[in-house]
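Here the structure comes first, spelled out in structure tokens, and everything after it is commentary.
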Amino acid sequence: MTTSGIIGAGLIGSQIARKAVELGYDVVISNSRGPETLAGLVAELGPNARAATPAEAAAAGDFAVVAVPLKNYRDVPAEPLAGKIVIDANNYYWERDGRIPALDNGEATTSGLLQEHLRDSKVAKGFNHIMAAEITTDGKPSAAEDRRALATASDHPEAAELVTRLYDEFGFDTVNIGLLEDSWRVERDRPAYVVRQDAAELKENLGKATRTP
């Protein structure tokens, strides 16, 4: 897989694009405002990146990254993502997204909602619990004792395996939570959210998480 389709060019999407290009991936990046608004970012990223519509980015990518405000997850184009692995970097901020009762009541997960929308795709949690700037600054070689760890979860083993490989290339260890139904453990306001932690600390923090009653 050499082309990443990125849907959402905000802080997280842009940083993933920067690191992916650095690692030799081709990047097709999109936002809701149109490719012309990404001219500056694409110029910075260089010849291995281009701007497109979300549908075009979805179609072009061997895999995709979704990093849009959660309130817009139903706008992610489903048809061109059918059969593909989709990495979900979304988080629930009710102040921005409005109240989503299924999340407030602990009946769903953010990645589970995206998987329901993208029924023919293979969704995996990824890159949601790290500050955007740290995606390109905190990675370390695999032999580093204090290497930071990030979590993933998926109902599809091959999707979790792709996230694990990307994390390693980006300079992070991986802790696999398991299925999407357990991915709430790394959502907002839980102990593992946006803190620097190695694999052992991440596992401990995941175990400390409590579900919204």
Side-chain angles (χ1 to χ4, degrees), residues 1 3-23 25 27-31 41 45 49 54 57-58 61-70 72-73 76 81 84-93 96-97 109-115 118 121-140 147-156 158-178 180 182-190 192-199 202 205-206:
M1 296 182 180
T3 300
S4 174
I6 299 179
I7 300 170
L11 296 175
I12 293 291
S14 296
Q15 284 295 89
I16 291 174
R18 290 184 177 98
K19 190 64 178 180
V21 166
E22 177 186 322
L23 291 168
Y25 287 88
V27 167
V28 182
I29 191 166
S30 64
N31 64 11
L41 175 61
L45 293 174
D62 295 304
F63 65 93
V65 177
V66 172
V68 301
L70 186 64
N72 298 329
Y73 79 90
V76 175
L81 291 172
K84 296 183 180 182
I85 293 172
V86 176
I87 301 171
D88 171 43
N90 291 342
N91 286 301
Y92 175 40
Y93 286 90
R96 173 197 65 193
D97 302 316
T109 66
T110 57
S111 295
L113 292 177
L114 185 63
Q115 180 67 85
L118 302 177
S121 301
K122 302 172 184 178
V123 173
K125 195 78 171 174
F127 294 104
N128 78 297
H129 63 114
I130 181 172
M131 298 295 290
E134 296 166 359
I135 291 172
T136 56
T137 61
D138 272 21
K140 293 186 177 182
R147 197 185 201 205
R148 185 170 180 172
L150 298 175
T152 190
S154 181
D155 297 342
H156 304 277
E158 61 269 40
E161 289 170 5
L162 172 62
V163 175
T164 298
R165 178 170 65 80
L166 284 175
Y167 278 170
D168 185 54
E169 291 174 352
F170 276 50
F172 304 101
D173 287 336
T174 302
V175 173
N176 191 330
I177 300 172
L180 290 181
D182 293 318
S183 62
W184 60 269
R185 292 183 178 277
V186 75
E187 291 179 347
R188 177 191 176 187
D189 295 333
R190 269 72 177 201
Y193 189 69
V194 296
V195 296
R196 288 182 175 88
Q197 54 209 319
D198 62 21
L202 176 52
N205 284 331
L206 291 169

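Reckoned from all heavy atoms, side chains included, excluding hydrogens, waters and symmetry mates.
Nearest heavy-atom pair across A160 and A124 is N-CB, 4.3 Å. Here the shortest heavy-atom pairing between I29 and G13 reads CD1-O, 4.1 Å. Counting all heavy atoms, side chain and backbone alike, R147 lies closest to G171 at NE-O, 3.2 Å. Considering all non-hydrogen atoms of both residues, L41 and S14 come closest at CD2-OG, 3.6 Å. Minimum heavy-atom separation, V68 to I7: CG1-O, 3.4 Å.
Atom CD of residue Q115 and atom CG of residue L180 lie 6.0 Å apart, to the nearest 0.5 angstrom. Rounded to the nearest 0.5 Å, atoms CD1 (I6) and OH (Y25) are 11.5 Å apart. Interatomic distance, Q197 CD to L150 CG, rounded to the nearest 0.5 Å: 8.0 Å. Note that CG of L206 is 5.0 Å distant from CD1 of I177, once rounded to the nearest 0.5 Å. The distance from the CH2 atom of W184 to the OG1 atom of T110 is 13.0 Å, given to the nearest 0.5 Å. Remark: I12 CD1 to F127 CZ distance equals 9.0 Å, nearest 0.5 Å.
Checked by atom type and distance alone, the side chain of D88 never pairs as donor or acceptor with a backbone atom of K125 at under 3.5 Å. At least one donor-acceptor pair under 3.5 Å links the side chain of D97 to the backbone N or O of Y93. A donor-acceptor contact shorter than 3.5 Å links the side chain of K84 to the backbone of G61. In this structure a side-chain-to-backbone donor-acceptor pair under 3.5 Å is present from S154 to V123. Although no hydrogens or angles enter the test, the distance criterion places no donor-acceptor pair under 3.5 Å between the side chain of N90 and the main chain of L70. A donor-acceptor contact shorter than 3.5 Å links the side chain of T136 to the backbone of A133. In this structure, the side chain of R148 does not engage the main chain of G139 through any donor-acceptor pair within 3.5 Å. In this structure, S121 contributes its side chain and L81 its backbone to a donor-acceptor pair below 3.5 Å. T152 places no side-chain N or O within donor-acceptor distance of the main-chain N or O of N176, the cut-off being under 3.5 Å.
For the pair R165 and E161, the salt-bridge criterion is not met [side-chain N within less than 4.0 Å of a carboxylate O]. Taking a cutoff of 4.0 Å between a charged side-chain nitrogen and a carboxylate oxygen, K140 and D173 do not qualify as a salt bridge.
Note: F172 and Y167 have perpendicular aromatic rings, judged against thresholds of 30 and 60 degrees for the angle between ring planes.
In this structure, L23 places its CG atom where more than 12 heavy-atom neighbours from other residues, nucleotides or ligands lie under 6.0 Å away.
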